[in-house]
Every structure is written in structure tokens, then in C-alpha cells.
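Just so it is clear, the structure is predicted and the values come from calculations on it, not from any experiment. These values consider heavy atoms only, across backbone and side chains, with no hydrogens, waters or symmetry-generated copies.
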Amino acid sequence: MDAKEIIICRCEEITLAEVLAAIDDGCHTITSIKKATRAGMGACQGRTCNRLIMQILLSKGLQTSATIAVDKARFPIIPCTIAALGEDN
């Protein structure tokens, strides 16, 4: 299978080819790859793709198990209730 066809982030439809291109452009951390590609910014907040990206970085020798850091999910700046989302303004 071609790297263009392998999906790394299902939520944002980011392929292996896009992740590898980001790595070639100098992104060597999960956070920098996230910023360059949007992998991990979807509905699941990287629950699957963060592990896949971590494995890619480890296999390429760009990170070690001691240096790699998992990106943390970020919460909305202004929290709101579910009820507020359904209101007509």
C-alpha cells in the first residue's frame, strides 16, 4: 500500500505521506507534527494517531522512549454548557 493511502489520523484524514513530509520539513515531535498537519486535532483528540506518530518517530530514531512526550489534549478557551450550544442567538 502506498503511503498516500495509509490514514494516520482518521478524524482529520491525514495520511502517512503527510506525516512523513512534515518530518522531512523538520517536525520531530508529536506537537510539531500536530501543528504542521492537524493530526490529533480531530474529535478524538489524538487517541489513535498520537500513538502511530510516536511509533513513526521512534522507528526513524528521531525520538527515544526517554525523550518522547505525548501531546496533551487542549480544552476550549471558554467552557460552555451543552445547553448553551442548543440556544438560538
Side-chain angles (χ1 to χ4, degrees):
M1 188 177 281
D2 186 25
K4 292 180 183 177
E5 299 173 6
I6 298 172
I7 301 290
I8 297 296
C9 177
R10 293 180 297 200
C11 297
E12 295 293 322
E13 297 182 7
I14 306 300
T15 64
L16 175 60
E18 291 172 287
V19 172
L20 294 175
I23 291 170
D24 290 343
D25 288 342
C27 299
H28 297 158
T29 65
I30 293 173
T31 302
S32 63
I33 291 171
K34 179 178 180 177
K35 289 177 181 176
T37 66
R38 292 196 47 83
M41 291 186 176
C44 81
Q45 291 292 292
R47 285 184 185 89
T48 301
C49 59
N50 276 345
R51 287 180 292 204
L52 295 173
I53 294 169
M54 186 183 307
Q55 290 174 355
I56 294 166
L57 292 171
L58 290 170
S59 71
K60 292 194 161 291
L62 299 170
Q63 294 284 332
T64 65
S65 58
T67 62
I68 200 156
V70 178
D71 195 49
K72 296 178 183 175
R74 305 202 196 245
F75 296 99
I77 294 172
I78 303 172
C80 64
T81 63
I82 297 294
L85 297 175
E87 294 178 3
D88 290 331
N89 292 329

In Å, rounded to the nearest 0.5 Å, how long is the span from CG of Leu16 to CD1 of Ile53? 10.0 Å
Which pair of heavy atoms, one from Cys9 and one from Gly40, lies closest together, and at what distance? SG-N, 3.6 Å
So if you build clusters from Ile, Leu, Val, Met, Phe, Trp, Tyr with side-chain heavy-atom gaps below 4.5 Å, do Met54 and Leu20 land together? yes
Find the distance between CD1 (Ile6) and CD1 (Ile14) and round it off to the nearest 0.5 Å. 14.5 Å
Quick one: CZ on Arg10 to SG on Cys44, what's the gap to the nearest 0.5 Å? 7.0 Å
Applying a strict under-4.5 Å side-chain criterion to I, L, V, M, F, W and Y, I'd like to know whether Met41 and Leu52 cluster together. no
Measuring from Lys34:NZ to Asn50:CG, what's the distance to the nearest 0.5 Å? 7.0 Å
Leu57 side, atom CG; Ile23 side, atom CD1 - distance, nearest 0.5 Å: 5.0 Å
Just verifying a value: how many Å separate Ile33 CD1 and Ile56 CD1, rounded to the nearest 0.5 Å? 7.0 Å
For Thr15, does its backbone N or O pair with a side-chain atom of Glu18 as donor and acceptor, under 3.5 Å? yes
